Amino acid sequence: MTDSRDLDLPFGYLDLLEGLKASVKAARAKALRVINTQLIELYWTIGQGVRRQQEQQGWGSGVIKRLSEDLRREFPDMKGLSPRNIQYMTTFAAMWPDGAIAQQAVLGTAESLASTGFLRR
């Protein structure tokens with residue numbers, strides 16, 4: 001059996017290969033931006049919900065710990081739901097109380113949030 005590496009490449013093969021590699025890279029980058037957008041919005045939603053309850057009901061660290069445990073039990077494969085991270089989410093939501101975070105350029109926002117510790121990679 002002939003190894004495919006030993007075949008003579010037809011005209012246009014390398015151009016097609018380079019174009020396909022560029023398409024895959026672009027699609028992967030776009031998918032990551034969409035995922036980051038959704039995570040940022042999710043973290044804001046969690047933080048805003050907890051923040052409201054803290055203000056209205058006086059929720060403390062014990063309730064946040066329980067919330068963390070319940071969320072982690074429901075979503076065992078998801079990272080970032082520790083009590084500390086939920087508290088970070090409330091701080092994050094307080095920084096953008098009107099929800100304008102979702103309308104900002106996500107790539108720059110994700111990078112700046114990672115540098116502040118709000119978004120962990």
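Every value quoted in this text rests on a predicted model; they were computed, and no experiment measured them.
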First locate atom OG1 of T90, then atom OH of Y43, and finally report the distance between them rounded to the nearest 0.5 Å.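 Between atom OG1 of T90 and atom OH of Y43 there are 14.5 Å.
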
Between CD1 of I86 and CG of L67, what distance do you get to the nearest 0.5 Å?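 Spacing of CD1 (I86) from CG (L67) equals 4.5 Å.
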
Looking at F75 and L81, what are the two nearest heavy atoms and their distance?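 Scanning both residues, the minimum pair turns out to be CB-CD1, 4.5 Å.
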
Looking at every heavy atom in both P83 and R72, which two are closest together, and how far apart are they?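 Answer, listing the atom of P83 first, then R72: CD-NH1, 3.9 Å.
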
Beyond-backbone contact of [X] with [Y], side-chain heavy atoms, under 4.5 angstrom:
| X | Y | value |
| --- | --- | --- |
| Q54 | I64 | yes |
| L42 | M78 | yes |
| R33 | R28 | no |
| S61 | R84 | no |

Report the residues that fulfil side-chain contact (heavy atoms from CB on, under 4.5 Å) with R66, sequence neighbours left out, ordered by chain and then residue number.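 So R66 forms a side-chain contact (heavy atoms from CB on, under 4.5 Å) with E69, D70.
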
For L32, side-chain contact (heavy atoms from CB on, under 4.5 Å) partners two or more places apart: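 L32 satisfies side-chain contact (heavy atoms from CB on, under 4.5 Å) with no residue once adjacent residues are dropped.
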
Verify the cluster assignment for L17 and L9: are they in a single hydrophobic cluster under the rule of side-chain heavy atoms below 4.5 Å apart?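 Same cluster.
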
How does the hydrophobic cluster around V34 look, that is, which other residues are in it when side-chain heavy atoms under 4.5 Å mark a link?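 None; V34 is a cluster of one.
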
Other than L16, which residues form its hydrophobic cluster under the rule that side-chain heavy atoms must be closer than 4.5 Å?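 Hydrophobic cluster check, L16: joined to L20.
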
Tell me which pairs pass side chain to side chain donor-acceptor pair (under 3.5 Å) where either residue lies in residues 8-20, with sequence neighbours left out.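 Every side chain to side chain donor-acceptor pair (under 3.5 Å) pair that includes a residue of residues 8-20, provided the two are not neighbours, is E18-K21.
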
Distance-only donor-acceptor pairs under 3.5 Å for side chains of residues 44-53, two or more places apart:
unit_1 : atom_1 : unit_2 : atom_2 : d
W44    : NE1    : W96    : O      : 2.8
T45    : OG1    : E41    : O      : 2.9
Q48    : OE1    : R51    : NH1    : 3.0

